[in-house]
Protein chains: 2
Amino acid sequence: MSTRTAAQKQAHAKVDYDAFLANCPSRQLLDRISDKWVALILAALGSDGPHHRGGDRAGAPRAMRYSELSRRLAGVSQKMLTQTLRSLERDGLLTRTVTPTVPVTVTYELTGLGLSLQHVMQGIKQWAEANMDEVLAHREKHDTRVA
Amino acid sequence: MSTRTAAQKQAHAKVDYDAFLANCPSRQLLDRISDKWVALILAALGSDGPHHRGGDRAGAPRAMRYSELSRRLAGVSQKMLTQTLRSLERDGLLTRTVTPTVPVTVTYELTGLGLSLQHVMQGIKQWAEANMDEVLAHREKHDTRVA
DNA sequence: CAGGATCCCGCTAGATACTG
DNA sequence: CAGTATCTAGCGGGATCCTG
């Protein structure tokens, strides 16, 4: 993506959104994207498919069907899945494509904007998986001291 | 402090955590850290102070007092602040230091583990602030089409 | 297949009051 | 100053039933 527009905008209009401020829109946006399901949906759409389960490095952005996402995000209710997808669509992070086949086929795919967020969110998911042991160790130590 | 114990465990039992799985601990950890307040607390502790508001590039990790954090995270209730701080402390992301002065002084500071997460979370906050306009535009377009 | 619509429970986040 | 304790309203989120 070209960072020229972004740099231009920043230098020109200099709209300083600050998530530290309670009434700033970016605070709400931060709240929206700081979500488990958002992270997982983006990770799923950013990786290269459901059959390649051993490792989620980013490959080419991939279009996935609703059922595929549902299966991949184990334990997600269809309400949360649909709700989150709609929210992401509304924010321009992904596109929803309906193909009028015999049973309707719906696919979701990341936009450029969504992909840029995916790169960040991916880090969080990976951090959680990578540092799980250490966090677990800290918790145990902390709990035994209190208990 | 040395984290030798954690490193020992990690090198020994190579458990591959997968946040896509519902019962995986990393799923819950992902849920915990995917939080607005976590992002803001880490950002606050990772930057270089409250008076330097124009830009939140990471400087040296800084120790902050409870009241400082409370002021910086505008709109946070003391309950959420305390609760989130305790959670982060339990997970080993930050340390809580009590200094028995006349009125008690408590400072919070990121650990190495916390700092590593901060680098990731920082990206989210910055993404939200940087792409706010674009998201807003998408929403407007999407809403007018539906309305 | 891909949801929409409802019902409803739980727990969380906020407000308020009190304390070492 | 830095919390703890308590109460409650609200809604996040799951389960269930229904549809184009």
Side-chain angles (χ1 to χ4, degrees), chain A residues 19-23 27-41 44-45 50 62-90 94-109 142 146, chain B residues 19 21-23 27-41 44-45 50 62-90 94-109 142 146-147:
Chain A
F20 278 123
L21 304 176
N23 52 345
R27 166 75 69 95
Q28 285 137 330
L29 181 57
L30 178 62
D31 198 21
R32 287 251 172 91
I33 64 181
S34 295
D35 178 51
K36 181 180 42 176
W37 301 126
V38 169
L40 292 176
I41 287 176
L45 291 175
R62 183 169 178 276
M64 290 183 73
R65 303 183 57 175
Y66 183 87
S67 51
E68 279 185 278
L69 282 168
S70 183
R71 252 174 277 119
R72 182 131 178 109
L73 306 198
V76 67
S77 65
Q78 95 310 25
K79 179 183 178 178
M80 286 317 295
L81 183 55
T82 301
Q83 189 173 289
T84 308
L85 285 170
R86 296 275 188 243
S87 175
L88 294 177
E89 184 197 6
R90 189 172 104 102
L94 53 79
T95 58
R96 178 174 178 269
T97 308
V98 181
T99 308
T101 48
V102 185
V104 166
T105 304
V106 180
T107 57
Y108 295 91
E109 190 169 13
H142 189 268
V146 176
Chain B
L21 304 177
N23 52 345
R27 166 76 68 96
Q28 284 137 331
L29 181 57
L30 178 62
D31 198 22
R32 286 253 171 91
I33 64 182
S34 296
D35 178 50
K36 180 180 44 174
W37 301 125
V38 170
L40 292 176
I41 287 176
L45 291 175
R62 183 169 177 275
M64 289 182 73
R65 301 182 58 173
Y66 183 87
S67 51
E68 278 185 280
L69 282 168
S70 183
R71 253 173 278 119
R72 181 130 179 112
L73 306 198
V76 67
S77 63
Q78 82 298 49
K79 178 183 178 180
M80 284 317 295
L81 183 55
T82 301
Q83 190 173 290
T84 309
L85 284 170
R86 297 274 189 243
S87 176
L88 294 177
E89 185 197 6
R90 189 172 104 102
L94 53 80
T95 58
R96 178 174 179 270
T97 308
V98 182
T99 308
T101 48
V102 184
V104 167
T105 304
V106 181
T107 57
Y108 294 91
E109 190 168 15
H142 187 268
V146 176

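Please read all numbers here as calculations on a predicted model, not as lab measurements. Worth knowing before you read on, the calculation uses all heavy atoms, side chains too, and leaves out hydrogens, waters and symmetry mates. Every chain is numbered from 1 and lettered A, B, ... according to where its sequence line falls, protein lines coming before strand lines.
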Output yes when a side-chain donor or acceptor of B/R27 lies under 3.5 Å from a complementary backbone atom of B/A19, and no otherwise.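 A pair under 3.5 Å: yes.
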Given 3.5 Å as the limit, does a donor-acceptor pair link the side chain of B/T101 with the main chain of B/P103, or not?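 Side chain of B/T101 to backbone of B/P103: a pair is present.
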Interatomic distance, A/Q83 atom CD to A/Q78 atom CD [nearest 0.5 angstrom]: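 Answer for the CD-CD pair, A/Q83 versus A/Q78, is 10.0 Å.
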About how many Å separate CD1 of B/I41 and CZ of B/R72, when rounded to the nearest 0.5 Å? 12.5 Å
Are OP1 or OP2 of D/dT4 and a side-chain N or O of B/R86 less than 4.0 angstrom apart?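 For B/R86, the contact criterion (side-chain N or O under 4.0 Å from OP1 or OP2 of D/dT4) is met.
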Between A/S67 and C/dA2, does any side-chain N or O lie under 4.0 Å from OP1 or OP2?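 Answer yes for this pair, as a side-chain N or O of A/S67 is under 4.0 Å from OP1 or OP2.
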Considering heavy-atom distances to DNA chain D, does B/Y108 or A/K36 have its closest nucleotide positioned more toward the 5' end? B/Y108
Is it the case that the side chains of A/Y66 and A/T82 hold a donor-acceptor pair, with the cut-off being a distance below 3.5 Å and no angle test? yes
Figure out the [atom1]/[atom2] separation between [X] and [N], and round it to whole Å.
| X | N | atom1 | atom2 | answer |
| --- | --- | --- | --- | --- |
| A/L81 | D/dG12 | CG | C1' | 16 Å |
| A/Y66 | C/dG4 | OH | C1' | 10 Å |
| B/R32 | C/dA13 | CZ | P | 11 Å |
| B/M80 | D/dG3 | CE | P | 15 Å |

If every non-hydrogen atom of A/V104 is compared with every non-hydrogen atom of A/R65, which pair is closest and at what distance?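 Distance-wise, the nearest heavy atoms are O-NH2, 4.3 Å.
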How would you label the contact of B/Q83 with the nucleic acid (heavy atoms, under 4.0 Å): base, sugar-phosphate, or nothing?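 Here B/Q83 touches the backbone only, sparing every base.
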Can you check nucleotides 16-20 of chain C for protein contacts, nitrogen or oxygen pairs under 3.5 Å, and list what you find?
unit_1	atom_1	unit_2	atom_2	d
C/dT16	O4	B/Q78	NE2	2.9

